[in-house]
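Chain A is the first sequence line, chain B the second, and so forth, proteins listed ahead of strands; every chain is numbered from 1.
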2 protein chains.
Amino acid sequence: MASAADPAPAPAGETAILQAAIAVMAEHGYHGTSVRDIAVRAGMSPGALYHHFTSKQEVLATIMERGIKALLSRTRSALDGAGDDPADRLRALVAVQVLFHLEDQRGTLLGTSEVRALQEPVRARHLAKRAEQQRMFDAVVGEGVERGVFTTPLAAEASRAIVVMCTGVAAWFSPSGRLSRHEVVQRYQRLALDMVGGPVPDGTRNGMH
Amino acid sequence: MASAADPAPAPAGETAILQAAIAVMAEHGYHGTSVRDIAVRAGMSPGALYHHFTSKQEVLATIMERGIKALLSRTRSALDGAGDDPADRLRALVAVQVLFHLEDQRGTLLGTSEVRALQEPVRARHLAKRAEQQRMFDAVVGEGVERGVFTTPLAAEASRAIVVMCTGVAAWFSPSGRLSRHEVVQRYQRLALDMVGGPVPDGTRNGMH
DNA sequence: GACCCTCCTAAACGATCGTTCAGCTAGCAT
DNA sequence: ATGCTAGCTGAACGATCGTTTAGGAGGGTC
């Protein structure tokens with residue numbers, strides 16, 4: 001019964017290593033983090049790490065692959081349940097993108113700044129998945145423009161800016177800050193729709209002065 | 001006469017070290033770059049580096065301090081010459097922010113991902129200057145909203161998103177790509193004004209369907 | 001010619017790096 | 001009891017790290 005009640009069950013083995021690596025690498029970067037740093041934080045000796053991973057590089061690769069896979073999966077299922085309206089679909093994309101990077105801020109910092117530390121061919125695979133993620137935004141924005149729901153002449157630029165802006169929340173958000181996660185999502189949905197020239201709630205449209 | 005004609009005069013001494021450090025550190029990060037890497041690329045032996053800097057850390061500090069100082073200086077003088085209209089002032093800020101990060105893409109990558117490698121008190125000073133830079137955007141957006149030129153209810157979020165979006169160009173821009181620097185500037189000016197609910201040229205305003 | 005200063009090289013320093021290895025322990029199957 | 005395996009410890013390995021040191025080449029000044 002203790003296992004269900006523990007708020008932080010102090011994970012062991014592979015899970016402990018991955019959590020420790022995310023924490024330490026997010027702060028000091030891949031090359032700024034030693035295998036000893038990771039092992040100590042995971043509560044084991046340096047050698048024990050090599051029972052679960054073949055190298056420090058494989059630890060990073062595992063973190064990055066699972067992270068991008070989870071993001072792509074959540075993004076796809078959000079689109080699946082978003083209906084047909086381009087504005088709804090863009091709101092769904094933004095909600096997932098913002099929430100994902102808010103829930104795993106340290107993982108996001110790793111994902112954005114340590115791609116360069118990945119060795120091939122993992123690095124190329126990772127970049128391909130990031131491009132795939134971007135393409136889902138491009139498609140939703142592009143369809144909105146085709147249908148006349150979005151009026152921006154800068155679909156490609158707006159789409160890229162939206163992804164960058166949503167990823168950026170991981171760099172400044174604080175759970176004890178002024179805004180809740182939900183409020184951040186709502187505001188970024190509005191900003192995204194403003195960028196593509198999409199519809200916003202009655203009485204609050206920009207330029208209605 | 002050769003010195004004036006050489007396209008790349010192969011800098012020596014301190015300049016060579018700084019240029020080499022920016023190039024190598026932008027690719028592999030501070031901890032992923034050795035003093036030997038920097039020295040070899042600068043055309044000297046590792047020990048020679050210590051005639052110009054007291055440590056590898058001081059090399060990074062010099063790069064970061066000069067970079068943020070140049071950005072702040074250019075931003076301030078852009079505002080000085082921008083006139084009174086909030087839209088013009090925001091366009092001036094965006095132009096500087098985009099151009100600066102396009103002209104020194106590698107320096108930008110360093111500036112955004114290696115702040116964590118800076119030691120105190122340089123790190124704190126650097127973060128303070130970054131906050132100062134953000135505050136200049138906040139002030140321009142805030143005044144535009146006060147005057148009714150910008151209609152967004154999300155001034156703070158839009159301001160932060162604009163800075164993030166403009167900084168982000170360093171990550172994807174290619175001089176041989178589809179867009180010139182000038183075109184990027186113009187499009188990002190438009191995106192920024194869309195985000196704050198500002199005026200855009202006649203016949204192209206969003207929502208005019 | 002003597003002196004100094006700038007800039008450099010070559011070699012070496014101790015520390016720390018990623019990784020390996022021999023061996024110990026606890027649990028489970030036979 | 002015996003054997004097997006998973007998970008771990010502690011010590012050690014060669015390599016590379018940031019930095020220091022001794023000394024030399026070259027140019028300007030008295």
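Annotation: salt bridge (Lys or Arg N to Asp or Glu O under 4.0 Å) contacts of B:Glu103 (sequence neighbours excluded): B:Arg74. With sequence neighbours excluded, the residues forming a side chain to side chain contact (heavy atoms under 4.5 Å, CB included) with B:Gln19 are B:Pro11, B:Thr15, listed by chain and number. Evaluation of the side chain to side chain donor-acceptor pair (under 3.5 Å) rule for A:Asp88 yields A:Arg91 as partners, not counting sequence neighbours. Evaluation of the side chain to side chain donor-acceptor pair (under 3.5 Å) rule for B:Ser34 yields B:Asp37 as partners, not counting sequence neighbours. The salt bridge (Lys or Arg N to Asp or Glu O under 4.0 Å) test applied to A:Asp84 returns A:Arg147, not counting sequence neighbours. Taking B:Asp104 as the reference, nothing meets the side chain to side chain donor-acceptor pair (under 3.5 Å) condition, with sequence neighbours excluded. Take A:Arg123 and apply the side chain to side chain contact (heavy atoms under 4.5 Å, CB included) test, not counting sequence neighbours, and it matches A:Val115, A:Arg116, A:Leu118, A:Glu120, A:Leu127.
Between B:Glu114 and B:Lys56, no side-chain nitrogen of the basic residue sits less than 4.0 Å from a carboxylate oxygen of the acidic one, so the salt-bridge criterion is not met.
Atom C1' of nucleotide D:dT9 and atom NE2 of A:His52 are separated by 13 Å, given to the nearest angstrom. Rounded to an integer number of Å, the gap from A:Phe53 CZ to C:dG18 C1' is 16 Å. Atom pair A:Leu49:CG and D:dT9:P shows a separation of 11 Å (rounding to whole Å applied). With rounding to whole Å, A:Glu14 atom CD is found 13 Å from D:dG7 atom C1'.
For DNA chain D, none of the residues of residues 118-126 of chain B falls under the heavy-atom distance limit of 4.0 Å.
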Reading 5' to 3' through nucleotides 10-28 of chain D, protein heavy-atom contacts under 4.0 Å coded B for base, S for sugar-phosphate only, - for none: B-B----BBBB--------
